[in-house]
Every structure is written in C-alpha cells, then in structure tokens.
Amino acid sequence: MKIALVNPPWHFDGSIYFGCRAPHLPIELGCAQALLERDEHAVLMLDAPLLGLSLADLVAEIGAFRPDMIVITTAPTYLFWRCAPPELRVPQETVAALRNLAPLLVAVGPHGSTTPRATLRKLGVDIVVMGECEETLARLAAGERDGVPGLCRHEGGEIRIQGGPQAAHFVDMAPLAWPDAWIARHHHHHHRFDATPAGPGAEVEASRGCPYHCTFCAKENFRNGYRRRPAASVLAEIDGLQRQGVEYVYFIDEIFLPNAELLEGLVGRGLAFGVQTRIDLWKPDQLALLGRAGCVSVEAGVESLSPEGRDALAKKCRLSTDELAERLVTAKRHIPFVQANLIEMPQDDDQTVQRWRDTMRDAGVWANDPVPLYPYPGSPDYRRLWGEPDDQAWERAHAWYLGQFAGFSDIQEERPQPLHVLERAPCTAPECCP
C-alpha cells in the first residue's frame, strides 16, 4: 500500500493554544513510518511546518504520489497532544484539500482519541484512530478493519466505534532516522534559553506516559501508562542525529525520570538537551548527573505553592514548598535554565505567589505567572466538572474556559475566539454566545 503521512500547515490566530509554535519533528508520524516501512509499504511523510509547505504544495506532492491512504494528525506534534489546539480548523482545511487524492482518509490525534464521533463528523474522514496510532495504522495498511480495536468509522450509514483508545508497545521502537534535509531545516531548539542556537535541534522520545495522574493532565486516552525505551536504543538514535549535525535535543517525554544508564551514556558527547519533569523526583546527586550529561534546560512541574493546592491537583508530592524551592535552586547550580511551572489555583494566595516568584528569580530560577487551567476533555478535571466527555466536550470546555478569566497568562495568546468561530461551524454550545 502507498501511504501519505501528513502534519498540516498549522496557524493559530484566535486560538488558546499555548504550546510552542515552532516546527518540531513529527515523532508520532516517524514511529508510524518505521512500522509501515518494516511491513514494506511505500510511505511519503510530509511535515508542512518543517518543510514550509502550503496546502497547495501538499496537494501537488500527494497528488503525484497517488496514495491509497492519507493520514492526518490533529495536533502539531506528539509533544503537545496533551494540550493541543481545541479547534479542528487546520485539520478541516487539510482534509478538504486532500479529500479526493486517496480512497481512504484517516485522522489520528488527541481529539479523536477522546471525542471520536465528533471528530469523525467534523473532519469528514473515513476513519478516526483512537489513542496512540502507530501500530493501528500498520494494521489498517495491512487491510484490517473488523476486529481492529481503537477505530471510529462509518458503517452502513452509521458511526461505529470499535473498542477504546489504544496504547502502543513502544519499548521495542527502533531508533528513528530523519532525512538530512529535515534536520538541516530544524533550526528550533525547544525550550532552550542558555545560548543562541548554532547547529540544528531535534526531538527524541526516551519514554512515554507518566505514572502519576494529576487532575489537569489530559493523557488518559493516549500516552498514559509509563514505558521506557532501552537506553541503548535512545543513544543509537542520538548517535544518528549527532552525525547529522544536531547539537541540541529536547526529550518530549511526559515526565523525564532519573535514568542513570541514559544520562551516563550522554556524558561527554558535547550534546545539549532539555527535559520536562517533576523536581520532587530528583535527588541532588541525580541533578548533578543531569547537568554533567549535558542538560541545559529543565521545565519542572510545581503547579501549586500550597499543600492544599497540590493535593487538589492530585500531585502526590512528598516535598514541602520550601523543599521544592531548595531542589530547584540545587538544579540551577548544575543546569543553566530551570523553570518552575505554576497553575492558577484558588488555594494559592496571589501575594505569596508573587513573593515566591521573586525569590526564585533572585536565585536564577524562572517561575511563570500562574496559568489559568483549561479542563481538556480526557483529563480528570473535565470529568470533575461534567462527567465523561461527549460529542460537545471540546465546545463545553472551551466556553467554560473563556468565561473564567478577564485576562490570560503571559505565555498564552490574547483574545482567543469561541470554538465555533474558529471552526466556522454553527454554535452548539450556547453558553459561549450569551
């Protein structure tokens, strides 16, 4: 079978999306390509943001390829499946442009994983894959349909859902390889602030999932259970990237946990890297090793400065606020940039938060102005407010969010628009249009 894997040409005007808007390697599509080519399918992978492709460019290249199946992702990168743009505007535009270029169109991503019926209707694709997509796509390419779990599709004039969201095995994923031309265009060093990038950057996935279940994290329908690739496989992938000139890697892991074998394998390579983690899970000697291994950027989830706030978020944090601050300062001794992520919580006093931010800033640690919480469908926070997600879950969460705050965080887009305006669809959540 001939298969085109497509990351659309994203734009975010009016969106609340506060993920990084620079191009990143499409790791979910790269993993899928590896499995498809293993099974001897012909694969064309196109990342429109990274390659600078317009919709017209996609139409021309995919039309010349003449695929049997086109796969379109509904989030810019696996890195941000947990906080994807709520709107499906760009995937809708992409499906409309590519609809007649293949007999089978498939959507993958967080939207279909949580609200498959709504995603199928909005996009007009033939199949929506629920959950981690790479192994399911391999089965679709082999011609399987009935009995494949994790599919939402049209059948006999109705929508049929087969099973629930799926999780890939992942731990046996071979080292990914990217075209030289892609790496040469990858100028972005995600979440790096210690230096002006000289050589290319890249993203790598050392582990998938998280053993914790914080209320704000929308990972339950994908990238949930914690799995770790063997260190040797990750290092082999990094070997290939360094041969291509990569000087900085960002680990997209939901939670980068201490891994002595991997970190010791990175020592002395001259490679800089960044991670996202929880600072309470690192001991001082492990932070020192993290720095020696080449880490130059840590994004650490603190979220709340009160025990009550952390308990409300189900953080299961065993350190006090003072101990968290001490651990962050310890990290800063070894790592050039350390960030403490904060969420706006009613349990936290505003003046206390601002004093703590000032104290951290004086110690060289950056703490953001607390971010208003978005109750992503698929998160415990969404269930707490409304129960299990239905077909209106994204509209409901978006309308609620827009009504909560007069202003937005210093890392978010201003003046976000209602979901139906972004998707150019009739309003199905009247509370967003009083």
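Remember, it's a predicted structure, so these values are computed and weren't measured experimentally.
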Polar side-chain atom of His111 near backbone of Pro85 as donor-acceptor pair, under 3.5 Å
yes
Parallel, tilted or perpendicular for His190 and His24, by the 30°/60° rule?
perpendicular
Verdict with supporting geometry, Arg269 and Asp239, salt bridge (charged side-chain N to carboxylate O under 4.0 Å, His left out)
CA-CA 9 Å; Arg269 285 174 168 261; Asp239 283 339; 2.7 Å; yes
Any idea which heavy atoms bring Val90 and Pro9 closest together, and the distance?
CG1-O, 3.6 Å
Check for a donor-acceptor pair, side chain of Gln276 on one end and backbone N or O of Asp253 on the other, with a separation under 3.5 Å.
yes
Anything under 30° is parallel, anything over 60° is perpendicular, the rest tilted; go ahead and classify Phe12 against Trp10.
parallel
Pick from His186, Glu203, Met45: which one makes a side chain to side chain contact (heavy atoms under 4.5 Å, CB included) with Trp178?
Met45
Quick one: closest heavy-atom pair of Leu151 and Ile127, and the distance?
CD2-CG2, 3.9 Å
Taking atom CD of Glu326 as the centre, report whether more than 12 heavy atoms of other residues, nucleotides or ligands fall under 6.0 Å from it.
no
Apply the test side chain to side chain contact (heavy atoms under 4.5 Å, CB included) to residues Met69 and His41: give CA-CA distance (whole Å), side-chain angles for both, the deciding distance (0.1 Å), then the verdict.
CA-CA 11 Å; Met69 179 169 75; His41 298 290; over 6 Å; no
Test: Lys2 cationic atom under 6.0 Å from Phe65 six-membered ring centre, within 45° of axis
yes
Applying side chain to side chain contact (heavy atoms under 4.5 Å, CB included), run through Val329 and Met360 and close with a yes or a no.
CA-CA 8 Å; Val329 173; Met360 288 294 95; 4.2 Å; yes
Between Glu28 and Trp81, do the side chains contain a donor N or O and an acceptor N or O under 3.5 Å apart?
yes
Is the shortest side-chain heavy-atom distance between Tyr401 and Pro86 below 4.5 Å?
no
Which heavy-atom pair separates Ser207 from Ile255 by the least distance, and what is that distance?
OG-O, 3.8 Å
For Asp362 and Thr359, which I'm curious about, is there any donor-acceptor pair between the side chains at under 3.5 Å?
no
So, the side chain of Gln162 versus the backbone of Val148: is there a donor-acceptor pair under 3.5 Å, distance only?
yes
Does Glu423 use its side chain to pair, donor to acceptor, with the backbone of Leu88 at less than 3.5 Å?
yes
With a 6.0 Å cut-off on the ring centroids, do His191 and Phe337 count as close?
yes
Under 3.5 Å, is there a donor on one side chain and an acceptor on the other for Gln354 and Arg357?
yes
Salt-bridge criterion met for Lys219 and Glu254 (N-O under 4.0 Å):
no
Rounded distance [0.5 Å steps], OH in Tyr78 versus CZ in Arg223:
5.5 Å
Checking Glu220 side chain against Ala218 main chain: does a donor-acceptor pair fall under 3.5 Å?
no
Side chain proximity check, Leu262 to Phe256, heavy atoms < 4.5 angstrom
yes
So, are Glu261 and Arg228 salt-bridged, with charged N and O less than 4.0 Å apart?
no
May I ask you to decide if Ala48's main-chain N or O and Asn7's side chain share a donor-acceptor pair within less than 3.5 Å?
no
Parallel, tilted or perpendicular: which describes the rings of Tyr17 and Phe80, with under 30° parallel and over 60° perpendicular?
perpendicular
Closest heavy-atom pair and its distance - Val249, Leu241
CG2-CD1, 4.2 Å
dist Leu290:CG -> Arg292:CZ (nearest 0.5 Å) comes out at 10.0 Å
Identify whether NZ of Lys or CZ of Arg in Arg192 sits under 6.0 Å from the centre of the six-membered ring of Tyr250 and within 45° of that ring's axis.
no
Are any of the side-chain heavy atoms of Phe193 and Trp366 separated by less than 4.5 Å?
no
Would you sort out whether Ser233 and Met173 count as a side chain to side chain contact (heavy atoms under 4.5 Å, CB included), showing the intermediate values?
CA-CA 8 Å; Ser233 179; Met173 179 61 62; over 6 Å; no
State, with a plain yes or no, whether a side-chain heavy atom of His169 is found less than 4.5 Å away from one of Glu135.
yes
Got Thr77 and Leu25 here, is their nearest side-chain heavy-atom distance under 4.5 Å?
no
Looking at His398 and Gln417, would you say the former's side chain and the latter's main chain have a donor-acceptor pair under 3.5 Å?
yes
Distance (rounded to the nearest 0.5 Å) between Asp391 CG and Arg396 CZ
9.5 Å
Could you check Ser304 against Leu313 for side chain to side chain contact (heavy atoms under 4.5 Å, CB included), going step by step and ending with a plain yes or no?
CA-CA 8 Å; Ser304 173; Leu313 295 170; 4.2 Å; yes
Is the closest side-chain heavy-atom distance between Thr74 and Pro110 below 4.5 Å?
yes
Could you report the tightest heavy-atom contact between Ser15 and Glu87, atom names first, then the distance?
OG-OE2, 2.9 Å
Smallest separation among heavy atoms of Lys315 and Val302, with atom names
CE-O, 4.1 Å
Nearest 0.5 Å, please: how far is CG in Leu287 from CZ in Arg327?
7.0 Å
Neighbour count >12 (heavy atoms, 6.0 Å) for atom CG, Asp350:
no
Are any of the side-chain nitrogens in Arg361 or Asp358 under 4.0 Å away from the carboxylate oxygens of its partner?
yes
Without swapping roles, check the side chain of Arg185 against the backbone of Leu50 for a donor-acceptor pair under 3.5 Å.
yes
For Glu237 and Leu176, indicate whether the former's side chain and the latter's backbone hold a donor-acceptor pair under 3.5 Å.
yes
Hey, is Arg278 close enough to Asp280 for a salt bridge, meaning N to O under 4.0 Å?
yes
Going from CG on Leu373 to CG on Asp381, what distance comes out if it is rounded to the nearest 0.5 angstrom?
5.0 Å
Atom pair CZ/CD of Arg139 and Glu144 - distance to nearest 0.5 Å
4.0 Å
Arg384 side chain reached by Thr215 side chain, heavy atoms, under 4.5 Å:
no
Hey, does the side chain of Ser113 reach the backbone of Gly131 with a donor-acceptor pair shorter than 3.5 angstrom?
yes
Side chain to side chain, Cys31 and Arg208, heavy atoms closer than 4.5 Å
yes
